[in-house]
Amino acid sequence: MSHSGHFLFIIALLPFLGALLPGLMIRAGRNACAIFTAVPTILALTMLLILAPQVMRGEVVQAEIDWLPQLGLSASFFVDGLGLLFAGMILGVGLLITLYARFYLLGEDPMGQFYTYLLMFQGAMLGIVISDNILLLLVFWELTSLSSFLLIGYWKHLPEGRQGARMALAVTGGGGLAMIGGMLILGNIAGSYNLTDILQAGDQIRASEWYLPALILILLGAFTKSAQFPFHFWLPHAMAAPTPVSAYLHSATMVKAGVFLMARMWPVLSGTDAWFYIVATTGLVTMVLGALIALFKDDLKALLAFSTVSHLGLLTMLLGFGTQAAAVAAVFHIINHLTFKAALFMTAGIVDHETHTRDIKRLGGLRHLMPITFLIGTVAALSMAGIPLFNGFLSKEMMLEEASHTDWFGSHYAVPVMATIGALLSVAYSFRFIVHVFLGPKRDDYPHTPHDPPFGMWAAPALLVVMVIVIGVAPFLAEGIVTVAANAVTGADLHPHLKIWHGVTPALWMSVIAILGGAVLLAFHHPLDQAWIAAPRPEAKVIFDRVIAAVAALGRSVTEITHNGAISRYLAIFTVTAIGLGWIAYSSSGLSPPTRGLLPVPPVIAVVWVMLIVATASVVVMHHRRFRALVLLGIIGLSISAGFAYLSAPDLALTQISVETVTIMLLLLALHFMPKETPKESPMGLKLRDGLIALTAGGGVGALAYAFLMRDIETISDYHIANSYEGGGGTNVVNVILVDFRGYDTYGEIIVLGIAGLVIYALMHALLDGPAARRLKNMDYAQDRSRDRHPLMMVVVTRVLMPIAVVVGIYIFLRGHNEPGGGFVAGLVIAIALLMQYMASGFAWTQERKKIEYHTMIGLGVVIAGLTGIGSWLAARPFLTSAYTYVQLPPIEEFELATAMLFDLGVFLTVLGAVMLMLYSLSRIARFAGETVNVEPMDYDPGEHADDDKVET
Amino acid sequence: MEIIVASTVGILTAGGVYLLLRLRTFPVILGLTLLSYAVNVFLFASGRLAIDQSPILSPYSYGDTTYTDPLPQALVLTAIVISFGMTAVLVMIGLGAYLEAESDRIDLEPEMAESGKDDSA
C-alpha cells in the first residue's frame with residue numbers, strides 16, 4: 001500500500017461521517033447547514049486531487065484492511081483513471097448540487113434531512129467507484145438503492161414521490177439482487193473477490209461455462225440501475241424527486257453506476273458475441289426508444305428523463321461495441337453528458353421554481369423574462385443536440401463514427417441507420433426544449449410571473465455550461481483524464497486525440513442528416529404530437545403496478561394458506577416438511593448394513609412397554625377427558641423412567657420420576673382453572689389428516705431411531721470415562737459431565753430454568769392485574785369438591801415425611817458426584833417434599849412458614865454456581881475448573897469435598913427455587929380466585945370442639 | 001430391545017404430533033409433553049443401548065469393564081428439567097390466554113377471525 005493510500009479510507013468515510021452534520025447544523029440556519037454539507041465534500045475532493053497526479057501518471061492508488069478474510073471480504077479501495085473520473089464527478093457535481101439545493105429548497109422543506117440523505121448517497125456512490133472488493137462494491141451498490149429511495153421520496157406528502165421511490169427501489173434493488181449472484185459467480189471463477197485480481201482473470205472467466213449466467217446477472221444489475229430498456233420506466237417516475245436530486249442522481253451519478261460497472265467489467269466480460277449482442281442491442285434500442293418518447297413528453301423533467309435514458313443507451317451501446325475506440329468515446333461522452341445534462345436539469349428546476357409549472361405547453365417566450373436562464377439552457381441543449389463547438393458534438397461524432405462501421409447480424413446498415421435516427425430524435429427534442437420553452441412570444445398566463453433566480457441558483461449550471469463550451473472548443477483539455485480513464489477501462493495503453501474536425505467522414509454526414517432532420521421533425525411536432533397522444537401505447541406504470549399487485553396477491557394467498565392464525569396449521573406444515581426432508585435424506589444416500597445385534601427383552605420390560613403403548617394410545621383417544629389424560633400421562637412418564645433404569649441410566653430414571661411428579665402437579669393446578677373437557681369439534685377429515693401426519697412422523701422417527709440403534713458410532717465419551725475420576729474427582733460420570741466437563745452448559749441451563757421461573761411469576765402478576773382478575777373472582781367451580789380440603793391423615797403423614805424427604809434429598813445431593821443423584825434430582829426431591837406441605841395444609845399456612853423467597857433462591861443458586869466458576873480464576877485456571885479433596889470426619893465414612901459440589905449446590909438451589917416459584921405462581925392464582933384462606937394446618941382439628949370453625953373466608 | 005425403544009419413540013412421536021395438531025391449548029400441551037418424552041428417549045438412545053453398564057465407575061474393576069455412553073445421559077438429564085420449565089411456561093401462557101379470552105382455542109374464533117380480516121382490509 002502506498003503511503004497516500006490512507007487517503008482512500010478517509011475519502012470513503014468522509015461523506016458518511018459528514019452525513020451526521022446537516023441534521024444538527026440545520027438548527028444554526030440554512031446557510032450553516034449547506035456549508036457543513038459542503039465541507040466533507042470539499043475535503044474529500046481535495047484529497048482526491050492530491051492523489052490525482054499519481055493516477056494521471058498511470059499509477060493505481062490502493063489501500064486495504066482485512067475485514068472478514070474468511071469470506072474474502074476486505075475493506076479495500078483503489079483509484080485508477082476510471083475511479084478518478086467518476087469520483088471527481090460525484091464529488092464535484094455533489095458540491096454544485098449542494099449549492100443549488102440551498103436556493104432551490106423552500107422554507108418548509110426539511111433541509112437537514114435532505115443534505116443528510118444527499119451525503120449518504122454521495123458516500124454510497126463514491127464507495128462503488130473506489131471499491132476494490134466486489135463484495136464491498138455490492139454493499140455500496142445496495143446503499144445507493146436505499147439512499148436514492150430516501151431522496152426520491154423526499155417530498156413524503158406527494159403520492160407520486162412515494163410511488164416513484166418505491167418503483168425505483170423495486171427495480172434497482174431487484175437488479176442489485178441479480179448482480180449479487182453474478183458477482184459471486186465471478187468471484188468463484190476468478191478465485192478472489194478483489195477487483196484487481198478479477199480484472200486479470202479475463203480469459204479464464206470468458207472461457208468458463210458460468211460466464212453466460214454471470215454476465216446476464218451482472219447486466220441485469222447494470223441495466224436496471226442505468227434504466228436500460230425494458231427497465232427504463234422507473235427513471236421518469238423518479239422525477240417526482242426535487243430537481244437537485246434529479247440533477248445529481250439521474251444525470252450524473254446513480255444512473256451512471258450501471259455504465260460504470262459495465263466499464264469496470266469491460267476487460268473481463270466484453271469481447272464475446274454474447275456481450276456484443278446483449279449490451280449493444282439493448283443500448284441501441286434504449287437510445288432510440290428513449291429519444292422518441294422524450295420528444296413527446298410535455299413535462300420538462302420527463303423530457304430530460306427520457307433523454308437521459310436515451311443517452312445512457314448510447315453509452316451502453318458504445319461499451320457493447322467492445323472496441324477500444326468505442327470505449328474512449330463512451331468515457332468522453334460520460335463527461336460531456338454530465339456537464340450538459342446536469343445543467344439542463346438545473347435549468348428545468350429554475351423554470352419550475354420561477355413559473356410554478358414544468359408543462360412545456362404552458363411555457364414559451366421565457367427568453368424575455370429570464371435571459372440568463374435562457375442562455376444557460378440553450379447552450380446546454382445545443383450541446384445535447386450535438387451542435388459543433390459544444391462538447392456534445394464531439395462525443396456524438398465519435399459514437400456515429402463507431403456506429404458507421406459496426407455490423408449487426410451481418411447487416412452493415414442496421415446500427416448506423418438506427419444510430420442516426422437516435423441522433424435525429426435527440427436533436428429534435430433538444431431543439432424543442434429551446435424553442436417551446438424560451439422562444440416564441442411572451443405569454444401572459446404563466447402560473448407565476450418568472451424572472452431570473454438569484455446568483456446562487458444559476459451559478460452551478462453556469463459553471464457546467466462554461467465547461468461545455470471550453471471542452472467543446474478546446475477538447476484537448478479533457479484528453480488527459482479521458483486517456484487515463486479509457487486506459488483503465490480497456491486495460492490497454494491508448495493515446496486518443498480529441499479533435500473537432502475529423503474531415504469529411506460518414507459520421508459527419510450522419511450528423512448533418514440528424515441536425516437537419518431533427519429541425520424538420522420539430523416543425524411537424526404539433527400534428528405528430530396529436531397522433532402520438534391518439535395512438536395506443538403501453539403505459540409502463542400500469543404494467544408495473546399490475547405486476548406488483550399480482551405478486552402481492554400471490555404473497556397474500558400463500559400467507560393465508562400457510563399462516564391462518566392457527567398454530568396447528570403451522571405445526572402441520574412444519575412436521576410435513578421435516579418428514580419430507582428426512583425422506584429426501586434417506587432416499588438420496590440409503591443405509592449402511594447394521595453392525596449391532598438386538599438385545600434380549602425380559603418379560604417385565606415387555607409389560608412396561610405394553611403399558612406405555614396402551615397409555616399413549618389412550619391419551620390420544622381419550623384426551624377429551626382431561627383429568628384422565630393426565631393420569632395416563634403419569635403412567636407414560638413412569639414407564640419411561642423404568643426404561644431408563646433398566647438401560648443403565650439411573651440418573652435419568654431418578655430425574656424422570658421426580659420431574660414427572662411435579663409436571664403432573666403443575667398440569668393439575670392449571671386444570672383447576674381450565675375447562676375439564678375438550679369439546680369434540682375436529683371434523684373427521686381433519687382427524688384423518690392429522691392422524692396420517694402423526695403416523696408418518698412417528699413411523700419416520702421410529703425408523704430413524706431403529707436405524708441408528710442397529711449401528712455403532714464413534715463416541716467422544718471415552719475421554720469422559722477415562723478422565724472422570726482423575727480429572728473430575730467423581731465416579732458418576734454423568735454427574736461429572738454435568739458439573740465439570742460441560743459445566744458451562746449446565747450453568748447456562750440453570751439460568752434458563754431460573755428465567756423460566758421468573759417469567760411465570762411475571763406472567764402471573766400481569767394476569768392478576770389484567771381483566772382476567774375479575775373473571776377469576778367470579779369463577780364458578782364444580783360443586784363436588786371435597787369438604788375436607790386439608791384432611792388430618794394427610795397433614796400428619798406429610799409432617800412425618802418432611803424430615804425424611806429432606807434427608808433423602810441431602811443424601812441424594814451428597815452422593816451425586818459418585819453415585820446416581822446430584823443437584824438436579826435433589827432439588828426436585830426437596831421441591832416435592834415442600835409441595836406436599838402446600839397440598840396438605842394449604843397455601844397460606846405453608847407460605848407463612850416459608851423463610852426464604854424463591855426468587856432469592858434462584859438468584860443465590862446462579863450466584864453460587866457462578867462464583868464457584870470464578871473461583872477457579874483465583875487458581876489461575878479457566879472458568880469452572882474443579883478441585884477436590886477427601887475428608888475424614890470420625891463417625892462417617894471418608895467422603896469427598898469438591899468444588900464441583902459447590903457448583904452442584906448452585907444447581908440444586910436454582911432447580912428448587914424455579915420449580916417452587918412456578919407452582920407457587922399457579923397456586924397464587926387460586927388464592928386470588930376467591931378460595932378460602934386457612935390459618936390452621938387442617939380444616940378439622942380433633943383437639944378442638946367440632947363447632948369451632950377456624951376456617952376464615 | 002432396540003425394537004422396543006424405537007417403537008416407543010415412534011408411538012410417542014405419533015401421539016405427540018397428533019395432539020399438537022388439536023384445536024385447544026390443553027391437548028397441545030399434552031402433545032408437547034409426549035413429544036418431549038419422545039425426544040428425550042431418542043437422544044438417550046443415540047448413545048446406543050446397554051444393560052447393566054451404568055456409567056458409574058467401579059473401583060473394583062481394572063480396565064476391563066465397559067460402560068454405556070454417559071454423554072447423551074448428561075444431555076438428556078438437563079433436557080428433562082428444561083422441558084419441565086418449558087411446559088410450565090406454556091401452561092402459564094395457555095392459562096393466561098384462556099382467562100383473558102374466555103376461550104382456550106388455539107386459533108381465533110371463526111367470527112373473530114372474520115372481524116380480524118375486516119380490520120386489516
Side-chain angles (χ1 to χ4, degrees), chain A residues 565-568 571-572 575 598-599 601 609 612-613 616 619-620 623 626 629 640 647-652 655-656 659 663 666 670 673-674 678 690-691 694-695 697-699 701-702 705-706 709 715 717 720-721 724-725 731-734 737-738 749 753 756 759-760 763 767 772 775 824 918, chain B residues 1-2 4-15 17-21 23-24 26-27 30 33 37 41-42 44-46 49-57 67-71 73-74 76-78 80-82 84-85 87-89 91-92 95-96 98-100 104 106-108 113:
Chain A
I567 193 174
S568 45
L571 289 173
T575 314
L598 291 172
L599 291 175
V601 183
W609 178 73
L612 184 136
I613 300 293
T616 311
V619 169
V620 170
H623 73 92
R626 293 180 173 182
I640 290 174
L647 290 169
S648 318
D651 280 289
L652 290 189
T655 316
Q656 181 68 52
V659 165
T663 306
L666 176 96
F673 308 103
M674 294 181 86
T678 306
D690 294 347
L695 285 177
V701 175
Y706 182 70
L709 278 174
T715 169
S717 300
H720 295 131
I721 292 173
S724 173
Y725 190 71
T731 52
N732 181 358
V733 187
V734 174
I737 290 177
L738 282 177
E749 268 149 354
L753 197 65
V759 163
I760 290 175
L763 274 173
L767 207 57
R775 206 160 292 140
F824 274 109
M918 288 169 186
Chain B
M1 196 68 213
E2 274 77 4
I4 286 206
V5 172
S7 63
T8 303
V9 172
I11 191 156
L12 285 174
T13 310
V17 168
Y18 180 79
L19 289 178
L20 268 186
L21 301 180
L23 301 173
R24 302 277 169 161
F26 198 79
L30 286 183
T33 314
Y37 289 148
V41 175
F42 184 87
F44 163 73
S46 71
L49 305 184
I51 295 165
D52 290 335
Q53 295 177 13
S54 309
I56 312 289
L57 301 181
Y67 300 103
T68 186
D69 194 341
L71 196 58
Q73 293 194 17
V76 170
L77 200 152
T78 50
I80 293 174
V81 180
I82 293 277
F84 165 72
T87 311
V89 172
V91 164
M92 198 67 200
L95 182 59
Y98 169 67
L99 291 175
E100 297 272 343
D104 61 346
I106 46 89
D107 55 350
L108 296 174

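All chains are named by letter (A, B, ...) in the order of the sequence lines, taking the proteins before the strands, and each is independently numbered beginning at 1.
Using a 4.5 Å heavy-atom cutoff, the side chains of V81(B) and E749(A) are not in contact. Annotation: side chain of H720(A) is not in contact with side chain of D69(B) (no heavy-atom distance under 4.5 Å).
Closest non-hydrogen pair, L738(A) versus A74(B), comes out as CD2-O, 3.6 Å. The minimum heavy-atom distance between V5(B) and L49(B), with the atom names listed, is CG2-CD1, 3.6 Å. Nearest heavy-atom pair across A756(A) and G85(B) is CB-O, 4.3 Å. Pairing each heavy atom of F673(A) with each of Y98(B), the nearest pair is O-CE2, 3.1 Å. When every heavy atom of A45(B) is checked against every heavy atom of L709(A), the shortest pair comes out as O-CD2, 3.4 Å. Contact detail for Y67(B) and L57(B): the closest heavy-atom pair is OH-CA, 3.5 Å.
Chosen from L753(A), T678(A), V734(A), V601(A), the residue pairing most often with chain B at heavy-atom distances under 4.5 Å is V734(A). Among V91(B), V9(B), V89(B), the residue with the largest count of heavy-atom pairs under 4.5 Å with chain A is V89(B). Chosen from V619(A), V759(A), V701(A), T715(A), the residue pairing most often with chain B at heavy-atom distances under 4.5 Å is V701(A). Taking chain A as the reference chain and counting heavy-atom pairs below 4.5 Å, the highest number among T87(B), T13(B), I51(B) is found for I51(B). When each of L99(B), T8(B), D104(B), V17(B) is checked for heavy-atom pairs under 4.5 Å with chain A, L99(B) comes out on top. Of the listed residues (I613(A), I640(A), T655(A), L647(A)), the greatest number of heavy-atom pairs within a distance under 4.5 Å of chain B belongs to L647(A). Interface check for chain B: of the options G702(A), G698(A), S648(A), the most heavy-atom pairs under 4.5 Å are formed by S648(A). When each of H623(A), R626(A), M674(A) is scored by its heavy-atom pairs under 4.5 Å with chain B, the top score falls to R626(A). In terms of heavy-atom pairs under 4.5 angstrom with chain A, the leader among L30(B), I11(B), L77(B) is L77(B).
Between the side chain of Q73(B) and the main chain of F44(B), no donor-acceptor pair closer than 3.5 Å is present.
Of the atoms belonging to D52(B), it is backbone heavy atoms, and not side-chain ones, that fall under 4.5 Å from chain A. In this structure, chain B has heavy atoms under 4.5 Å from both the backbone and the side chain of L652(A). M918(A) touches chain B through its side chain: at least one heavy atom from C-beta onward sits under 4.5 Å away, while N, CA, C and O do not. Looking at T663(A), both its backbone and its side chain come within 4.5 Å of chain B, counting heavy atoms on both sides. At a 4.5 Å heavy-atom cutoff, the contact between T33(B) and chain A is made by side-chain atoms alone. Of the two parts of Y18(B), the backbone and the side chain both hold a non-hydrogen atom closer than 4.5 Å to a non-hydrogen atom of chain A. Heavy atoms of L612(A) lying under 4.5 Å from chain B belong exclusively to its side chain. Contacts between F824(A) and chain B at a heavy-atom distance below 4.5 Å involve the side chain alone, from C-beta outward. Using a 4.5 Å cut-off between heavy atoms, L20(B) contacts chain A through both its backbone and its side chain. With a 4.5 angstrom heavy-atom cutoff, V76(B) touches chain A via backbone and side-chain atoms both.
Rounding to the nearest 0.5 angstrom, the gap separating the CD1 atom in I4(B) from the OH atom in Y706(A) is 12.0 Å. If you take CG on L71(B) and CD1 on I721(A), they are separated by 10.0 Å, rounding to the nearest 0.5 Å.
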E2(B) vs L599(A), test: side chain to side chain contact (heavy atoms under 4.5 Å, CB included). Steps then yes/no. CA-CA 7 Å; E2(B) 274 77 4; L599(A) 291 175; 3.8 Å; yes

